[in-house]
Asks: 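Below you will find the structure I want to go over with you.
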Amino acid sequence: MNGGVETALVIGAMSDIGRAVAHALAEDGYALQLAARDPARLERETRDIRVRTGGAVTVHRCDVLDEDGGVSLLDTLDPLPDVAVCVVGLLGDQAESQQNPDAAERVIRTNYIGPALLMGSLAERFEQRGSGVLVGISSVAGDRGRAANYVYGSAKAGFTAFLSGLRNRLATSGVHVVTVKPGFVRTRMTDGMDLPSWLTAEPEEVAAAVVKAIRRRRDVIYVRGIWRLIMLIIRAVPERMFKWIKWA
Amino acid sequence: MKLSGWGRYPVLDCRMERLRDHNLHGMLDRRHTLIARGNGRSYGDAALNPDLTLSMLAMDRMQAFDAETGRLTCEAGVLLADVLDTFVPRGWFPPVVPGTKFVTVGGMIAADVHGKNHHRDGSFGAHVESLTLVTADGKVRECSRSEHVDLFRATIGGMGLTGVILSANFRLKPIETAFVMAETVPTRDLDETMALFEASRDWPYSVAWIDCLARGARLGRSLVSRGTFMACGSLPSRLVREPLCPAPVGRLMVPFDAPSVLLNRASIGLYNALYYRRGQVRGGARPIHFNPFFFPLDRIEAWNRLYGRRGFVQYQCVLPRAKSPAGIAALLERVAATGQGSFLAVLKLLGPAGEGMMSFPMEGYTLALDFPMRNGTLALLDALDEITHRHGGRVYLAKDACCTPERMREGYPRLGAFEAVRAEAAGAPPMFASELSRRLTL
Ligand SMILES: Cc1cc2nc3c(=O)[nH]c(=O)nc-3n(C[C@H](O)[C@H](O)[C@H](O)COP(=O)(O)OP(=O)(O)OC[C@H]3O[C@@H](n4cnc5c(N)ncnc54)[C@H](O)[C@@H]3O)c2cc1C
Ligand SMILES: NC(=O)c1ccc[n+]([C@@H]2O[C@H](COP(=O)([O-])OP(=O)(O)OC[C@H]3O[C@@H](n4cnc5c(N)ncnc54)[C@H](OP(=O)(O)O)[C@@H]3O)[C@@H](O)[C@H]2O)c1
C-alpha cells in the first residue's frame, strides 16, 4: 500500500480487455502498474488514464516468452501490488499449431506456462505478506477441448486448473484467486469474426465483472451468465458423442 | 458490411476498418478512396464510403488536460459522452454540444456542430485551438489559426474530405453545477416565436420546438426553451448535495415525458398538440439537469429505429435572417400541407458564420425536420430544398441525404476556396471521399 491507496498490476495492459480492466480499476481508486511487452507503447494508455482519473500509473516490461518467463517483472514492482490481473494470452491459429510445433508451443507458453509461472511467483509474495488478490483471465475454451481450438483451449485448461489449485492452497492465507472465463469478447483478438451478439461481451463488461469479482472475492466468473449454462451443457455431452459434433 | 447514417437511409455495403493507432500508412492507398467515420450520428451519407470507411472509435484516448485553462487534448474518436462523464464532476463543460452526446470529437469538428448557444458562442470549431490531420501524402499536420490556416478552416466543417483528424484540442468552460435553469415559453405563431428568440439573446441557450401541424394563424406556434447554467448558490437544497453529478437522478429533472409519446409514431399530431399544451401548463423557470436539457432524445436508445426499415431523413436548413420570416413560413406551410408532420421540428436563431469554409451555420434561422422515408418523401424534400434555395439558404450536410449538387453549391459560397485546399490535401482525384461527396460531386 502507498498512503492508503491500493495498487493494482495489469499484465497485458495493451490488450482491449487489459485496457478496460485498467480503466475500471483506476476508477475504483487503485494506483496502477501496467505491464506489456513494449512499455513505450503504453505511454498512450498511461496519459489517457492520468487525464481521465488523475490516478498514479507506472509502466513495466513483461514478456512471458523471455527466458525467465517474464518473472523478472516482479522485481520492478514497488510496492508489491494488492491486486494483480493477468490478461496475457494468444489465440494463435489452430491449423498452424497442428502443423508447426513451434507455433503450438508459443500458444501453450503464452496461455499457460507464462501466466501460470507469473501468478505462481506473485502468489508466493502475496502469501508472505498475507494478503492480495490474483486474477487470471482464462477462457471457456479451457472447459472442454474442441477440434477448432484445442491447442489454445488446452493451455487455458491448464491455466484454469493451476488457478484452481492455487486458490485451494491459499484459501487460509488471506490471498484470494479469481478465475475469469469471459466467453466471446469483442476485441482485437476477435476482430472480423462473426460473433453472436448475445454471447459477446464488450471489454468494459469484462472489466466491470473483474472489479466486482475482486470486491466480492468471487472464485470463478463467467462474464455473461449464459456461458455458465452453455459450458455446463457442453461439458455434459459424453465424449462418445462429443467427438462427432462439428462445432461451427 | 451494411452501413448507414443515423437516419438509416441510404444503406450501403462498405468495407469498414478500425484505426487503432496513429499510423495510417497501410490505409492511404492511391487505388481506393476512404472516409473517416465517427459514431455515425450524421443522418445521411456523410460517413459512408464503400471502398473504405475508417472507424475512429478506437482512437479514444485523452491526451492532456490543463486544469488552469480547461484545455483538453484528445484523440478524435473520444465521445462527447466520455468528455462529459470525465469533466462535469470536475466542473467543466464543453463549449458547444449538439442534440446528442453520442458523437465523437472528430465528428463535431468535421460537421462544425452548433448547439443551443450558437447565437452567443458560435459553433464547435470556434473553440478548437488546433487539430492534427493526416492528409493523402501520409503527413501528419498540426493545423491551427497560426499553422496551415487554410487547411484548418477547410477541415472545420469539411465533412472529413480534407483528411483524417487524429486529435484536437479545445477549451472546456467552467461550470459551478450540472444544472440548467430552464424555462419553456409557448408562443402563438411564427412572429411571436421569432420575436421571442430576439428577446432571448442574453440567454446562453435557446431553441424552439415547433408544432409543425399547426396551420393558418397558428403557423409556427412553438415552445421556446431557454436556459442558463446555474450557480452553486442558486441550487435548491435537494440538489446541493451533488451539484456536479454527471447523470440526472430521479424523475424530477426530466423536462417532459415526450419520449414515451414518441414511441407511437401514429401519434404525431397528438404528440405535437400535447407537447404544446404540456409546455403551456408548466410556466416559470425550473432547474433541470443538463442531460435532459441538451440531450432529450438520448434517453431512448436507438430511437431512429422507430421509423421502421426504410429509415428516415432529416431536413435541416438555415435561411439568412432577413429572409427567415417568409422563408420559414413557406417551409412550414409546405410541410403542414402534406399532413405528414414531423416528430421533431426544431427552430433556432443562429449567430454569425464562423471561419469554417464549409460550415453550415450563418446568421439567421435554422429549421430541422425529420420524415420517414416513404413514397413522396423525396418529392417533399425537393420542394423544401427549392424553398430554401429561393430564400438564399443552405442545407446542413451532416443531415442531408438528398440535396442536388447545384443547390448545394449556391448555398456554400466558400466552396471554391474549400475545393482548392482539399485538392492539395486530398490529392487528385481526392483520396478522401464519401457517398455524400460523390452525390454532391465534391
Ligand atoms: C439526435 C441528434 C441530434 C443532433 N443534434 C445536432 C445539433 O444540435 N447540432 C448539430 O450541429 N448537429 C446535430 N446532430 C448531428 C451530429 O452532431 C453530427 O452529424 C456529428 O458530425 C456526428 O458526429 P459523429 O461522431 O457521429 O460523426 P459521423 O456521423 O460518423 O461523421 C460525420 C462527419 O464527420 C466526419 N468525421 C468523423 N470523424 C472524423 C475524423 N476523425 N476525421 C475526419 N472526419 C471525420 C465524417 O467523415 C462525416 O463527414 C445531431 C444528430 C443526432 C443523431
Ligand atoms: N477476445 C475474446 O473473445 C476472449 C475470450 C476469452 C478469453 N480471452 C482472453 O482474454 C485475454 C485478452 O484477450 P484480448 O481479446 O484482449 O486479445 P489481445 O488483444 O490479443 O490480448 C493479448 C494480450 O496478451 C499479451 N501477450 C501476448 N503475448 C505475450 C507475451 N509473450 N508476453 C506478455 N504478454 C503477451 C498481449 O500483450 P501486448 O500488448 O504486449 O502485445 C496482449 O496484452 C487473453 O488472455 C485471451 O485469451 C479473450
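This structure is a prediction, so every number in the text was calculated from the model and none was measured. Each chain gets a letter, A, B and so on, in the order the sequences are listed, and its residues count up from 1.
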Asks: If we check ring-ring contact (aromatic ring centres under 6.0 Å, His included) with B:Phe93, which of these qualifies: B:Phe179, B:Phe87, B:Phe290?
Replies: B:Phe290
Asks: Pick whichever of B:Val83, B:Asp82, B:Leu72, B:Val78 has the most heavy-atom pairs under 4.5 Å with chain A.
Replies: B:Asp82
Asks: Let me know if B:Ala58 has heavy atoms under 4.5 Å from chain A in its side chain, its backbone, both or neither.
Replies: backbone
Asks: Tell me, out of B:Thr86, B:Thr73, B:Asp85, B:Asp60, who's got the most heavy-atom pairs with chain A below 4.5 Å.
Replies: B:Asp60
Asks: By a 4.5 Å heavy-atom criterion (distance strictly below it), what part of A:Thr46 contacts chain B: side chain, backbone, both, or neither?
Replies: neither
Asks: Between A:Glu45 and A:Arg47, does at least one N-O distance fall below 4.0 Å, as a salt bridge requires?
Replies: no
Asks: Taking A:Asp102 first and then A:Arg109, would you say they form a salt bridge - that is, a charged N and a carboxylate O separated by under 4.0 Å?
Replies: no
Asks: Sort A:Arg19 into side chain, backbone, both or neither according to what part of it lies under 4.5 angstrom from a heavy atom of chain B.
Replies: side chain
Asks: So that I know where these two stand, are B:Phe170 and B:Phe124 an aromatic pair - ring centroids less than 6.0 Å apart?
Replies: yes
Asks: B:Asp21 versus chain A, heavy atoms under 4.5 Å apart: side chain, backbone, both or neither?
Replies: both
Asks: Going by an N to O cut-off under 4.0 Å, is there a salt bridge joining A:Asp28 and A:Lys212?
Replies: no
Asks: Pick one of side chain, backbone, both or neither for B:Glu75, based on which atoms fall under 4.5 Å of a heavy atom in chain A.
Replies: side chain
Asks: What part of B:Arg20 lies closer than 4.5 angstrom to a heavy atom of chain A: side chain, backbone, both or neither?
Replies: both
Asks: For the pair A:Arg224 and A:Glu205, find out whether any cationic side-chain nitrogen is under 4.0 Å from an anionic carboxylate oxygen.
Replies: yes
Asks: Using ring centroids (six-membered ring only for Trp), state whether B:Phe229 and B:Phe293 fall under 6.0 Å.
Replies: no
Asks: Flag the one option from B:Met1, B:His22, B:Arg90 with the top tally of heavy-atom pairs under 4.5 Å to chain A.
Replies: B:Arg90
